[in-house]
Amino acid sequence: IRRMLCDLKSRVKLCGYTHGSHWNPTDVFRFINYPGMEITDLANLYVMDMIFQVSEYAVKVMDEEIRKFNENVACKLFEKYRVVGLPINAKLIDSFKTDKKFEKLTIVFNHNLISSKNPIMFVRVMERLLKKYDIQIIFTRSICDDIHIDYMLKEFKKKHPDRVFFIEKPGADPYYPTLWKSHIQVSTATHETFGVATVEAMYTGNCCILPNHCSYPEITENYQECLYEYNEEELYRKLAYVIEDEGARKRIGLELSRRARKYVPEAVVTKIINFMKNF
């Protein structure tokens, strides 16, 4: 596109929008599915006049990594970044809205079943909670390409057949109804430049319990009551607290739902338009 604009001697500005990058070393998904494309990724960014980013955290990580490769390139790119967030499909989510909750207290894990989301840590903590509390666990995905993780999840399901469930059918239905009906959402991710799954869970009123790292403090506006220091003991303690205290659970869910509204399409598009108008 840039070459065509040059051939046409056009002064049209080229704007891009990036959600993830090979220049985030924790973005395991890209290294698994698109290996060896780091330079291509960088070139695509470099030819843009303006680059919309999903979070300040994403800017920070990419800037640090690109500077290790080439300081001048990093400096030029840094001037082009504009943080606008990422829109969730609020209209679609609302179309599945229900006021009903699962009869049994439900914890949902609505992330890819890959190492950077650390489902192994999640399962270890859930094993402890299942021994003490009458709860159920729902994974919103069932396909896992990691042999080790896949085996662990199948053993977890085998051990708790009536309390651990996987959504086998992909798509909005039954995904969004599950979010609306769940009580608690958990992340154990080591990589998250934005956290679409978490913002969707926030929007649907879940009490989200999230690591105090990556983009999570940013997307929750540093809401400390939902954040935990990244270790199994702290995660267990935080979850035990919201399982036992219904009032706290509902209060956190309501507050996070309010904070998720800044990522509805109208809010994000307004930011993008304002940046483009003033460019």
Side-chain angles (χ1 to χ4, degrees), residues 1-89 111-118 145-146 187-200 210-219 230 262-263 265 267-279:
I1 293 171
R2 171 58 72 191
R3 289 183 65 181
M4 286 189 289
L5 289 173
C6 289
D7 286 338
L8 293 169
K9 296 183 172 47
S10 171
R11 299 179 66 181
V12 169
K13 300 297 184 183
L14 187 59
C15 300
Y17 204 146
T18 181
H19 178 206
S21 173
H22 281 84
W23 296 91
N24 181 338
T26 66
D27 198 343
V28 176
F29 180 86
R30 279 169 173 73
F31 292 105
I32 293 172
N33 292 279
Y34 315 113
M37 296 189 70
E38 292 86 347
I39 303 303
T40 304
D41 186 9
L42 187 60
N44 282 330
L45 293 169
Y46 195 76
V47 296
M48 301 291 175
D49 294 300
M50 186 187 298
I51 303 164
F52 299 122
Q53 287 273 17
V54 294
S55 66
E56 297 288 351
Y57 172 77
V59 169
K60 177 178 179 293
V61 173
M62 286 177 59
D63 182 58
E64 288 175 353
E65 290 301 310
I66 294 171
R67 282 180 192 279
K68 295 175 187 177
F69 176 73
N70 188 299
E71 185 81 20
N72 290 332
V73 169
C75 288
K76 289 181 180 178
L77 285 175
F78 190 79
E79 295 174 358
K80 302 178 183 183
Y81 298 140
R82 305 290 186 276
V83 176
V84 296
L86 192 70
I88 56 171
N89 194 340
H111 312 278
N112 283 320
L113 301 176
I114 56 178
S115 61
S116 62
K117 305 303 179 183
N118 205 355
D145 295 327
D146 186 302
S187 173
T188 46
T190 56
H191 154 75
E192 201 62 82
T193 53
F194 178 72
V196 175
T198 290
V199 174
E200 289 176 334
L210 312 166
N212 192 17
H213 64 203
C214 299
S215 62
Y216 290 118
E218 189 175 339
I219 64 175
Y230 194 73
K262 65 181 179 180
Y263 297 115
V268 176
V269 169
T270 297
K271 289 182 182 179
I272 292 171
I273 290 173
N274 287 339
F275 277 127
M276 295 179 75
K277 281 182 176 178
N278 296 317
F279 188 45

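For Glu218 (side chain) and Tyr57 (main-chain N/O), a donor-acceptor pair under 3.5 Å exists by modelled atom type. Side-chain N or O atoms of Lys80 include one that pairs as donor or acceptor with a backbone N or O of Tyr46 at under 3.5 Å. The main-chain N or O of Cys214 is never found under 3.5 Å from a side-chain atom of His191 such that the two would form a donor-acceptor pair. With hydrogens and angles ignored, the 3.5 Å screen pairs a side-chain donor or acceptor of Ser55 with a backbone N or O of Ala58.
Nearest heavy-atom pair across Val54 and Phe194 is O-CD1, 3.6 Å.
The CG atom of Asn72 lies 13.0 Å from the CD1 atom of Ile66; values are rounded to the nearest 0.5 Å. Interatomic distance, CD1 of Ile32 versus OG of Ser115, reported as 5.5 Å (0.5 Å rounding). Between the CG atom in Asp27 and the CD atom in Glu192 there is a gap of 9.0 Å [rounded to 0.5 Å]. We find the NE2-CG distance between His22 and Asn44 to be 11.0 Å, quoted to the nearest 0.5 Å. Here the CE-CG distance, from Met62 to Leu77, works out to 7.0 Å after rounding to the nearest 0.5 Å. Distance CZ/Arg3 to CG/Asp7: 7.0 Å, rounded to 0.5 Å.
Looking only at side-chain heavy atoms (C-beta outward), Ile39 and Phe69 come within less than 4.5 Å of each other. Under the 4.5 Å side-chain criterion, counting only non-hydrogen atoms from C-beta, Glu65 is in contact with Lys68. You'll find the side chain of Thr188 stays beyond 4.5 Å of the side chain of Pro211, heavy atoms only. The shortest distance between side-chain heavy atoms of Phe78 and Val59 falls below 4.5 Å. Side-chain contact between Tyr34 and Thr40: absent, with no pair of heavy atoms (C-beta onward) separated by less than 4.5 Å. Counting heavy atoms from C-beta on, the side chains of Thr198 and His111 come closer than 4.5 Å. At least one side-chain heavy atom of Glu38 sits under 4.5 Å from a side-chain heavy atom of Phe31. Residues Ser215 and Thr193 are not in side-chain contact: their nearest non-hydrogen atoms beyond the backbone lie 4.5 Å or more apart.
In this structure, Lys262 places its NZ atom where more than 12 heavy-atom neighbours from other residues, nucleotides or ligands lie under 6.0 Å away. Within a 6.0 Å sphere centred on CG of Asp145, other residues, nucleotides and ligands contribute 12 heavy atoms or fewer.
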Could you walk me through whether Arg2 and Asp49 pass side chain to side chain contact (heavy atoms under 4.5 Å, CB included), step by step?
CA-CA 10 Å; Arg2 171 58 72 191; Asp49 294 300; 2.7 Å; yes
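Among residues two or more places apart in sequence or in another chain, the ring pair (Phe, Tyr, Trp, His ring centres under 6.0 Å) test is passed with Phe29 by none.
For the residue pair Tyr230 and Asn118, a side-chain donor N or O sits within less than 3.5 Å of a side-chain acceptor on the partner.
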Pair up each side-chain donor or acceptor in residues 13-21 with any protein partner under 3.5 Å, not counting sequence neighbours, and list the distances.
residue: Tyr17; atom: OH; partner: Gly85; partner atom: O; Å: 2.5
residue: Thr18; atom: OG1; partner: Gly20; partner atom: O; Å: 2.9
residue: Ser21; atom: OG; partner: Trp23; partner atom: N; Å: 2.9
residue: Ser21; atom: OG; partner: Asp41; partner atom: OD2; Å: 2.8

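Between Arg67 and Asp63 a salt bridge is recorded (basic side-chain N to carboxylate O distance below 4.0 Å). Between Glu64 and Lys60, at least one side-chain nitrogen of the basic residue sits less than 4.0 Å from a carboxylate oxygen of the acidic one, meeting the salt-bridge criterion.
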